[in-house]
Amino acid sequence: MNDYSNQLGGEGEEKQARIRSIQAKGKDPYNSSFRPTHSVDDLAQNEGELSENGKKVSIAGRVMALRRHGKAIFADVQDRTGRIQMYVKKDVLGESSFNLFKEIDVGDLVGVEGKVFRTRAGELTVAVEHFDLLSICLNPLPEKWHGLKDVEVRYRRRYLDLIMNEEVRKVFLLRSSVLKSMRDYLEERNFLEVETPMMQVIPGGALARPFKTYHNALGIELFLRVAPELFLKRLIVGGMERVYEINRNFRNEGISVRHNPEFTMLELYQAYGDYLTMMDLCEDMLVNVIDKTTGKTNITYQGMTIDCSPPWKRVSLRDEIAEASGIDIFNDSDVSMKEKARSLGIPCSEEWNRGKIINELLENYVQPHLVNPTFVMDYPVDISPLARATKKNPLIAERFELFIGKEEIGNAYSELNDPFEQKNRFLDQLKKRETGDEEAHLVDEDYLEALEFGMPPTGGLGVGIDRLIMLLTDSSSIREVILFPLLRPRLD
RNA sequence: GAGCCAUUAGCUCAGCUGGUAGAGCACCGGACUUUUAAUCCGGGUGUCGAAGGUUCGAAUCCUUCAUGGCUCACCA
């Protein structure tokens, strides 16, 4: 038998006593293998057939509750599909096996074999004939009645959260099925899933501060990517035509209920498309995904009822802002815009540029009304350095953002494929950086060189996956939809 | 980064204007062969987040720190 006498910390003596007691009954507390024939859900689905034939079934899972009755014991066992009751009788198991079962505690993992029946109270139950202890649980589980609510413990020890809270498991099941149906949708339309560098020499593709790291062998500073955009568009130059990536981005910014330093984005690019192509695709894809994963077209988010049935509203950013604030973001001068904004109570300081003010107007006057899915179109070029300008107005980018439930969910534009214009945009960004804007783009010569070989006119779309999952699971915090959100490490 | 709030048993929480720390569940011992928040009998298992201070006396008042939550800022 194995030696478990080394100390693991905590109440070592109690843990040791339990292990010794189990070993004294001739059983190792670990090391068994066990292959269940059914899941809990299988038993419920096939109850009729199984109980009629008196067929032997086996299931494996974690003991979540025990009700001991002397020579009989009821135990609730939980696997990934649900919970089911065991009925263990001394005269069926025999003396020694029953005595071993008496050692079982809440939290232990067991495998059982027996027949399915219904108790007097009508509860679906397995009448246990044989059982095996698969792994013992040395620490007490959170209390059964109140469960585990402490958010810090829930995030730090997510395994306990998953054991105790079924609705948490459901959130991550839904997350998985959303990603699957998104991939299915894109595969059907001949999009190729690709992976591009997480570690980049020049972080680009978004206006954000990056994390720095260092490669020892090359002796160079590297950045964790803030977006995959510039690499995905190199693939468009390379003729892949339809590519997407669902993966992590890293931004070195504050943490809040809607921001985690690493978060998941879908980015996709379609050659011979533009932002209008992306709008159609975005709407169709999300309607499809929402329907496939929730079965509904209405979603409830934080008390709002959101009607997701198509077609989705399309509005212009300028009209919306003009209507709400009286400011014309394309025709008012810098000075008059700033004055008007100030008179509305927006504290614009001297260094605020147009983009910043527009963003503020959008957030304060437009976004709070965007409950149902709405595409807000035509953004200023100066806050869209990678987007193509409209033919009519060089100050307006062919770009939209998608808002659902007052949250920004998507962002898309007609990609700028003119290397000369792109270089000018980079140089403008460089000026912003020199005046202290740490989020401004760096000049990426290598990307410009790629554009010189010719990139087809292309539409690009980004969708914030975590935010989308928040909407679909009515989660008020992004941490509820990320298995291991970033927390400050514990020092104790 | 700033403000507000929280931190007491394994879990959920009481503990008033300062007077030697409590409940339910969990846990430990005993009884119980269809229970299901099983029941019945017996048992409190604690560095009151940490360190200072005030006081005869601090879980309680003050200061600092730590961690978390919410709001704001930055951003998606």
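Convention: sequence-line order gives letters A, B, ...; per-chain numbering from 1.
- For the P atoms, the distance linking B:rA23 with B:rA37 amounts to 24 Å, nearest Å.
- Comment: A:Asp132 engages A:Lys27 in a salt bridge, judged by a side-chain N to carboxylate O separation of less than 4.0 angstrom.
- Side-chain proximity of A:Glu152 to the nucleotides B:rG68, B:rC74, B:rU34 is greatest for B:rG68.
- Remark: P of B:rU12 and CG of A:Asn165 are 11 Å apart, rounded to the nearest angstrom.
- Considering A:Leu162, A:Val153, A:Val168 in turn, A:Val153 is the only one that fulfils the side-chain contact (heavy atoms from CB on, under 4.5 Å) rule with A:Leu148.
- The CG atom of A:Asn364 sits 10 Å away from the P atom of B:rC74 (whole-angstrom rounding).
- Two residues, A:Glu439 and A:Leu487, neighbour RNA chain B, and the one matched to the more 5' nucleotide by heavy-atom proximity is A:Leu487.
- A:Arg467 comes within contact range of at least one nucleobase, with a heavy-atom separation under 4.0 Å.
- If you check B:rG68, B:rU33, B:rG10 against the side chain of A:Pro140, the one that comes closest is B:rG10.
- In terms of phosphate contacts, A:Arg67 brings no side-chain nitrogen or oxygen within less than 4.0 Å of OP1 or OP2 of B:rU35.
- Across all strands shown, the partner of B:rA31 is B:rU39, judged by Watson-Crick or G-U wobble contacts whose two distances both fall under 3.5 Å.
- In this structure, A:Leu66 places its CG atom 12 Å from C1' of B:rA38, rounding to the nearest Å.
- Rounded to whole Å, the P atom of B:rC4 lies 13 Å from the corresponding atom of B:rC62.
- At the heavy-atom level, A:Asp91 lies under 4.0 Å from base atoms of the strands shown.
- For A:Arg156 and B:rG68, the shortest distance from a side-chain N or O to OP1 or OP2 is below 4.0 Å.
- For A:Asp76 and A:Arg67, the salt-bridge test passes: some basic side-chain N is under 4.0 Å from an acidic carboxylate O.
- Residue A:Arg433 qualifies as enclosed at atom CZ: its count of foreign heavy atoms under 6.0 Å is above 12.
- Under the stacking definition used here (centres under 5.5 Å, planes under 30°), the residue A:Phe263 qualifies as stacked on the base of B:rA76.
- Base pairing analysis places B:rU47 opposite nothing; no Watson-Crick or G-U wobble pair with both distances below 3.5 Å involves it.
- Here the nucleotide nearest the side chain of A:Ile478, chosen from B:rU36, B:rA76, B:rA73, is B:rA76.
- Contact annotation for A:Val257: backbone-only contact, meaning every heavy-atom pair under 4.0 Å involves sugar-phosphate atoms and none involves a base.
- Under a 4.0 Å N-O distance rule, the pair A:Asp280/A:Arg314 qualifies as a salt bridge.
- Here B:rC72 sits opposite B:rG1 as a Watson-Crick or G-U wobble pair (both hydrogen-bonding atom distances under 3.5 Å).
- A:Arg83 places its CZ atom 12 Å from the P atom of B:rA37, with the value rounded to the nearest Å.
- Nucleotide B:rU67 forms a Watson-Crick or G-U wobble pair with B:rA6, both donor-acceptor distances falling under 3.5 Å.
- Within the 4.0 angstrom heavy-atom criterion, base atoms lie near A:Gly254.
- Atom CD1 in A:Ile255 sits roughly 14 Å away from atom C1' in B:rA73 (whole-Å rounding).
- A salt bridge is absent between A:Arg425 and A:Asp428; no separation between the charged side-chain nitrogens and carboxylate oxygens falls under 4.0 Å.
- Side-chain atoms of A:Ser477 lie closest to B:rC70 of the nucleotides B:rC70, B:rU36, B:rG68.
- Relative to the side chain of A:Phe74, the nucleotides B:rC28, B:rU33, B:rU34 differ in distance, and B:rU34 lies closest.
- Between A:Leu148 atom CG and B:rC25 atom P the separation is 20 Å, expressed in whole Å.
- You'll find that the side chain of A:Tyr87 is closest to B:rU34, out of B:rG10, B:rU34, B:rA38.
- Judged by distance alone, with hydrogens and angles left aside, the side-chain atoms of A:Tyr301 form a donor-acceptor pair with the main-chain N or O of A:Ser475 at under 3.5 Å.
- Contact check on A:Lys233 versus A:Glu267 returns no salt bridge, with no Lys/Arg side-chain nitrogen under 4.0 Å from an Asp/Glu carboxylate oxygen.
- Both A:Arg157 and A:Glu123 lie near RNA chain B, and the one whose nearest nucleotide falls closer to the 5' end is A:Arg157.
- A:Asn359 comes within contact range of no nucleotide atom at all, as no heavy-atom separation falls under 4.0 Å.
- Residue A:Leu207 is in sugar-phosphate contact alone, with no base atom involved, counting any heavy-atom pair closer than 4.0 Å across all strands shown.
- B:rC61 is paired with B:rG53 under the criterion used here, namely a Watson-Crick or G-U wobble arrangement in which both key atom distances are under 3.5 Å.
- Checking B:rU34, B:rG68, B:rC32 against every side-chain atom of A:Phe117, the shortest atom distance belongs to B:rU34.
- The pairing partner recorded for B:rA23 is B:rU12, the criterion being a Watson-Crick or G-U wobble arrangement whose two distances lie under 3.5 angstrom.
- For the C1' atoms, the distance linking B:rA76 with B:rU7 amounts to 32 Å, nearest Å.
- With B:rU34, B:rC11, B:rA76 as the choices, the nucleotide that has an atom nearest any side-chain atom of A:Glu253 turns out to be B:rA76.
- Distance check on atom C1': B:rA58 versus B:rA50 gives 16 Å, rounded to whole Å.
- Nucleotides B:rC16 and B:rG22 have their P atoms positioned 13 Å apart, rounded to a whole Å.
- Atom CD in A:Gln78 sits roughly 15 Å away from atom C1' in B:rU36 (whole-Å rounding).
- One atom, CG of A:Leu124, and another, C1' of B:rU35, lie 15 Å apart when rounded to the nearest Å.
- Straight-line distance between the P atoms of B:rU36 and B:rC25: roughly 15 Å, to the nearest whole Å.
- Rounded to the nearest Å, the gap between the P atom of B:rU8 and that of B:rC48 is 11 Å.
- Contacts of A:Ala121 with the nucleic acid, taken as non-hydrogen atoms under 4.0 Å apart, include base atoms.
- Taking atom P on both B:rG49 and B:rG10, the two are 13 Å apart, rounded to the nearest angstrom.
- Within 4.0 Å of A:Phe403, counting heavy atoms only, lies no atom of the nucleic acid at all.
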- Task: I would like to know whether A:Asn260 and A:Asp466 meet side chain to side chain contact (heavy atoms under 4.5 Å, CB included); could you show each step before the answer?
- Result: CA-CA 9 Å; A:Asn260 193 61; A:Asp466 309 289; over 6 Å; no
